[in-house]
Structure formats: structure tokens, C-alpha cells
Number of protein chains: 2
Amino acid sequence: MHATIGLVPTAKKGDPVNFPSYPHEVLAVVLSVRDGRLCVLLWKRARSPYRGRCALPGGGVEPTERLRDAITGHLATKVDVRDVAHLEQLATHSAIDRDPRARVLATGYLGLVPSDVQPKLPSDTQWHPVDELPRTAFDHHYFIDAAVARLRAKLSYTNIGFALAPLEFTIAELRDLFGAALGYELGATNLTRVLTRRHVIDPTERRASPGQSGGRPATVYKFVARELTVTDPFAVLRPPR
Amino acid sequence: MHATIGLVPTAKKGDPVNFPSYPHEVLAVVLSVRDGRLCVLLWKRARSPYRGRCALPGGGVEPTERLRDAITGHLATKVDVRDVAHLEQLATHSAIDRDPRARVLATGYLGLVPSDVQPKLPSDTQWHPVDELPRTAFDHHYFIDAAVARLRAKLSYTNIGFALAPLEFTIAELRDLFGAALGYELGATNLTRVLTRRHVIDPTERRASPGQSGGRPATVYKFVARELTVTDPFAVLRPPR
DNA sequence: TGATGTTTTCGCTTCCGAGGCGATAACTAG
DNA sequence: CTAGTTATCGCCTCGGAAGCGAAAACATCA
């Protein structure tokens with residue numbers, strides 16, 4: 001069932017070399033807004049178990065790899081790694097029978113792809129809207145739920161939106177993006193003020209060309225930073241200023 | 001160095017039974033307020049590597065255990081498990097050389113002990129204030145930093161304080177508790193209103209007996225729930241009501 | 001019994017960010 | 001030049017957080 005290292009005579013009890021070993025896999029919940037909907041990247045299993053069900057991309061961990069390197073490598077077989085603008089660890093699941101073939105520990109990651117990049121996908125891989133998920137294999141839906149919740153929470157107190165948006169965008173585009181990611185519409189006026197006051201986004205000199213029906217051209221904005229930063233040290237019980 | 005299962009002829013490539021295996025350990029950052037200071041439970045290593053340095057309690061994972069069960073079991077050798085009022089997973093670290101003896105993956109947990117329970121500690125184990133930490137073994141300080149940050153963040157948007165406080169307490173006691181955990185003083189008046197408006201704490205009928213120098217007897221409060229609940233769905237970009 | 005000191009608790013106020021609405025700006029198409 | 005469309009800004013309200021001082025509720029001591 002599970003692998004165990006043979007006892008080395010010189011090794012002492014409590015030494016990690018005596019700990020039981022387990023196959024470890026990494027899984028990625030890659031999220032992106034496609035056609036105005038928040039989607040997750042899934043591939044269809046061709047073999048048992050869970051044949052025909054959709055699963056998260058991922059795989060094993062090589063001896064020379066850290067978990068983050070491992071998931072980056074596995075993702076490369078599904079999408080161009082440079083398309084992934086943000087990657088963070090979610091949690092590690094360890095249910096005994098989460099994989100019927102063996103006891104496998106699984107560490108999940110959240111990956112985000114900007115809405116303007118169009119990764120070339122293998123034929124077995126597709127974007128699936130998170131509000132119309134097919135039945136998934138194994139315990140993968142837990143990872144997906146956690147990823148969506150994490151993204152939605154962080155949208156309101158970090159600059160994580162940079163990883164969903166193009167390099168440059170208008171407020172209208174950003175509002176649609178946030179609306180899709182959050183799952184509800186939000187007013188345009190407030191979004192600008194909140195994000196600019198916090199120095200999450202900045203206006204540029206450029207103006208967008210008006211749409212087909214005319215109208216005032218919109219200011220083009222950009223995110224100030226493209227690494228994750230926390231903008232607000234939380235709501236209450238703040239330290240004194 | 002690391003363990004690998006022998007290839008089973010019938011196993012197919014990509015099957016988890018072919019994934020490399022690694023020893024896996026669980027570690028607990030047990031936090032509690034002792035003498036008005038936020039402390040972490042550490043034990044002093046008697047053997048190399050990192051002999052004499054302080055380390056987090058933890059150990060290997062048995063084949064029949066989930067990670068949570070494993071850390072619960074290991075904690076039992078240090079403190080009474082029933083003293084731990086809250087336990088949640090932090091993150092999994094995977095640096096190749098985080099343990100010089102072998103490649104070990106480590107999953108950290110945050111544990112909280114109420115300030116009024118006095119666990120019997122083994123002779124090698126002690127509470128250490130987090131603002132006066134000794135040098136720790138391995139990468140354990142990363143886990144400690146993450147645990148303290150997690151606790152401090154959740155104090156302001158969840159009811160996680162229930163796991164630090166006695167079953168019943170006065171506002172003054174709670175203020176000292178929160179102050180120690182957060183690392184800065186806070187006014188007494190606001191704490192009450194915020195936590196009662198959110199139905200995190202409730203007043204009881206009982207009154208505390210005044211101290212030696214007299215004074216109005218304080219109302220005794222209690223936490224409404226003793227499981228983790230999120231009280232505020234974050235600061236901004238809230239869904240419409 | 002009354003005066004004094006101590007601690008808690010409540011009401012009042014200020015402050016600031018979130019959020020909404022309408023007016024105005026800035027363009028296109030005819 | 002006019003009508004239509006979209007973006008942006010100013011002004012307002014709302015609600016939670018936080019601070020201060022007065023009042024309440026006890027103790028101790030003369």
C-alpha cells in the first residue's frame with residue numbers, strides 16, 4: 001500500500017529517515033475569467049479510476065523538486081507556464097482513500113491566468129465555469145472550492161486582481177472582471193476609488209478608443225505592482241496609528 | 001536518500017503508485033497567552049542535528065492516520081490534547097535540505113490553548129514568548145511566523161479568540177488577552193461593542209467579584225460559539241445586501 | 001452613615017471608508 | 001450642430017470603528 005524505508009541499523013528512533021513515506025502529488029486549480037465567467041482548467045480522464053470525469057492538472061514530485069517547482073513543471077504540459085501570473089499554496093489533503101489506487105498525499109495550489117492570454121490547451125483540457133462544474137474526480141472539488149473562496153476573499157484586501165487582468169485595462173473591463181470573479185455585479189464608481197486610494201491601480205496617460213456606439217474614451221489603468229501585496233491590515237482591532 | 005516504491009509491472013505511468021515517496025512529518029505551532037504574553041510551545045533538542053536548539057513538537061505520519069490525526073497524536077506526548085481548543089492547517093514546506101538527515105516534507109498546524117489551562121509539560125518542553133524567541137531548529141521559525149500572523153489576522157475577522165480565552169471572562173481579561181496576542185494595547189470600550197454587535201461574545205447573568213481595591217464588579221462574558229466562524233465577509237467589495 | 005477611591009459601563013461624538021446617485025465631461029454618428 | 005453614448009467626478013448618506021467623559025456600582029475607611 002504505502003512505501004516504507006527499510007530500517008537502517010544506525011538510525012535512531014524518531015529520526016525522519018524512519019518515518020513512513022508516501023507518494024506525494026501536487027494539484028493546481030488554475031482560475032481565469034473566460035467570456036465573462038470565472039473558469040477552472042480541467043482535463044478529462046481517459047482511464048480508470050474516475051474514467052470520464054474531470055480532474056485537476058498535476059502529478060508527482062521529483063526528488064530534486066520543491067512542491068512549487070513540481071506543480072510548475074506539471075502545469076507546463078497543460079499551459080505555457082509564463083501565462084500563470086500568480087501561484088500560491090492552498091492546503092494539503094490526506095484522506096486515506098482519496099485515491100483508490102494508493103495512499104497519496106496531495107498539496108493543492110491556486111494558479112491565476114490573466115483574461116487576455118489564450119493558452120494553447122491539449123485536446124483533453126478545457127476551461128469550465130466554476131458555477132457549472134462537471135462531476136470531478138477524487139477529492140478535487142474540495143481544492144476547487146478552496147481556491148475560489150481564497151481568490152474571492154483576497155480580491156477585497158490584496159492586489160491579487162493583477163493576476164486576472166491584462167497589463168492595461170479600463171475600469172469597465174476591470175469591473176466586468178471583478179464581477180465575474182466575485183460572482184456578483186458591482187458599481188463602477190466605487191471600484192475606482194477604492195483601488196486608487198489604496199494605490200492598487202494607477203491611471204496611465206493613455207485613453208481607450210471609444211466603442212462602436214461612441215461615448216467618452218475611458219482612461220487606461222494599470223496595476224501598480226504585479227506581486228501579491230496586502231493592502232489593508234484587516235477590518236477591525238487595527239493597531240494604533 | 002528518498003524512498004521509491006519498486007515498479008509494479010502492471011502499474012501504468014502517471015499512476016500515483018509510481019510517484020516518488022517521501023517521509024512526511026507534521027509540526028504544531030501551539031500558541032497560548034502566558035503571563036500576559038503570547039507564547040509558543042517548544043522543546044529543546046538533546047541530539048544532533050541542531051542539538052540544543054528549540055524545535056516544534058511533531059513527528060511522522062502513520063499509514064492509517066490523516067495529517068490532523070497525526071499531529072493530534074504527537075501533541076498528546078507534550079500536552080493534554082483536550083487542552084487544545086483549536087487546530088488548523090498552515091502550510092506544507094518542501095525545501096530539499098530543510099532536514100539534513102533526509103528529504104522530509106513537513107505540514108504545519110496552528111494550535112491554540114486557552115490561557116486558563118495549565119498543561120503539564122515534559123521537562124524538555126517550555127513556553128517561549130514569541131517576541132523573545134530562541135534560535136530554532138530546521139525551518140521551524142517559518143512555521144512560527146506564519147502561525148502568529150494567521151492568529152493575529154483571524155482575531156479581527158473571526159471568533160478565533162474563543163480558543164485563547166477561558167470559558168467565562170471579563171472584558172478586562174479579554175482585552176489583556178487580545179492585547180498580548182496582537183502585540184499592542186487596545187481600548188476596552190471598543191472591544192466590547194465590536195464583539196457583541198457581531199454576536200461573537202454574549203454577556204452572562206454573572207458578575208465578577210471586584211478586585212482587592214474595590215471597583216464596580218464586571219459583567220462576565222462568554223463566547224457564543226466554540227468553533228471557528230467567520231464574522232465578517234471582509235472589508236470591501238461586499239456583495240449587495 | 002457618609003466620603004473617597006477604584007473599576008466598569010454607557011452615551012455622545014468624531015472620523016473615515018464604502019457605496020449610491022445625479023450632473024457634467026468627452027467623445028461618435030448623422 | 002444635435003442627439004446619443006459612455007466615462008468621470010462631486011456630493012451625499014450610511015455604518016462601523018474608535019475615543020472621551022460622565023455615570024454606575026462596588027470597596028474601604030473615618
Side-chain angles (χ1 to χ4, degrees), chain A residues 153 155-158 161 168-179 182 184-222 230-241, chain B residues 153 155-158 161 168-179 182 184-222 230-241:
Chain A
L155 272 175
S156 68
Y157 70 92
T158 73
E168 298 192 327
F169 48 86
T170 67
I171 293 296
E173 289 164 2
L174 193 66
R175 168 168 44 97
D176 291 344
L177 223 52
F178 271 61
L182 289 168
Y184 52 82
E185 299 304 310
L186 35 90
T189 83
N190 203 38
L191 185 62
T192 323
R193 282 182 302 213
V194 169
L195 295 185
T196 50
R197 172 148 35 91
R198 296 180 167 185
H199 303 290
V200 169
I201 60 174
D202 264 351
T204 68
E205 298 300 313
R206 298 207 315 111
R207 299 292 124 98
S209 52
Q212 56 271 47
S213 48
R216 174 173 172 172
T219 306
V220 174
Y221 284 79
K222 60 177 174 53
V230 175
T231 62
D232 199 329
F234 290 103
V236 288
L237 307 179
R238 292 191 190 87
R241 281 166 293 185
Chain B
L155 273 175
S156 68
Y157 70 93
T158 72
E168 297 192 328
F169 48 85
T170 67
I171 293 297
E173 290 165 0
L174 194 66
R175 169 168 44 98
D176 292 343
L177 224 53
F178 272 60
L182 289 169
Y184 51 85
E185 299 303 310
L186 35 90
T189 82
N190 202 38
L191 186 62
T192 324
R193 283 181 302 212
V194 168
L195 295 186
T196 49
R197 174 147 35 91
R198 295 179 169 187
H199 302 291
V200 169
I201 60 175
D202 264 351
T204 68
E205 299 301 314
R206 298 207 316 112
R207 298 293 123 99
S209 53
Q212 57 272 47
S213 50
R216 174 172 172 173
T219 307
V220 174
Y221 284 79
K222 61 177 173 56
V230 176
T231 60
D232 199 330
F234 291 102
V236 289
L237 306 178
R238 291 191 190 87
R241 282 168 291 188

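Quick caveat: nothing in here was measured; it's all calculated off a predicted structure. In the text below, chain A, chain B and the rest are named by the order of the sequence lines, each starting its count at 1.
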Would you mind reading off the distance between [X] atom [atom1] and [N] atom [atom2], rounded to a whole angstrom?
X: B:Tyr184; N: D:dA17; atom1: OH; atom2: P; result: 13 Å
X: B:Glu185; N: D:dA18; atom1: CD; atom2: P; result: 15 Å
X: B:Arg206; N: D:dC26; atom1: CZ; atom2: P; result: 15 Å
X: A:Leu191; N: C:dA18; atom1: CG; atom2: C1'; result: 12 Å
X: B:Tyr157; N: D:dA17; atom1: OH; atom2: P; result: 16 Å
X: B:Asp176; N: C:dT8; atom1: CG; atom2: C1'; result: 14 Å
X: B:Asn190; N: C:dC10; atom1: CG; atom2: P; result: 14 Å

Over all atoms of both residues, closest heavy-atom pair of [X] and [Y]:
X: A:Ala208; Y: A:Pro217; value: O-CB, 3.0 Å
X: B:Thr196; Y: B:Thr192; value: OG1-O, 2.7 Å
X: B:Tyr157; Y: B:Arg198; value: CA-NH1, 4.2 Å
X: A:Pro203; Y: A:Thr219; value: CB-CG2, 3.9 Å
X: B:Val220; Y: B:Arg207; value: CG2-C, 3.8 Å

Taking salt bridge (charged side-chain N to carboxylate O under 4.0 Å, His left out) as the test, write out the residues that go with A:Arg193, two or more places apart.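 So A:Arg193 forms no salt bridge (charged side-chain N to carboxylate O under 4.0 Å, His left out) with any residue.
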Got a sec, which residues hit salt bridge (charged side-chain N to carboxylate O under 4.0 Å, His left out) with B:Arg206, two or more places apart in sequence or on another chain?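 If we apply the salt bridge (charged side-chain N to carboxylate O under 4.0 Å, His left out) test to B:Arg206, skipping adjacent residues, the hits are B:Glu168.
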Could you tabulate the donor-acceptor pairs under 3.5 Å formed by side-chain atoms of residues 170-179 of chain A, not counting sequence neighbours?
from, atom 1, to, atom 2, distance (Å)
A:Thr170, OG1, A:Glu173, N, 3.2
A:Glu173, OE1, A:Thr170, N, 3.1

What string of B, S and - do you get for nucleotides 3-12 of chain D, 5' to 3', when a contact is any protein heavy atom under 4.0 Å? -BBBBSBBB-
Think B:Arg197 has a side-chain N or O under 4.0 angstrom from the OP1 or OP2 of D:dA17?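 Indeed, a polar side-chain atom of B:Arg197 lies that close.
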Taking ring pair (Phe, Tyr, Trp, His ring centres under 6.0 Å) as the test, write out the residues that go with A:Tyr221, two or more places apart.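 Per chain and number, A:Tyr221 pairs via ring pair (Phe, Tyr, Trp, His ring centres under 6.0 Å) with no residue.
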Quantify the bending of the helix from C:dT1-D:dA30 to C:dG30-D:dC1 as the angle between its end axes, each fitted on five pairs, to 10°.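 For the helix from C:dT1-D:dA30 to C:dG30-D:dC1, the axes at either end differ by 10°.
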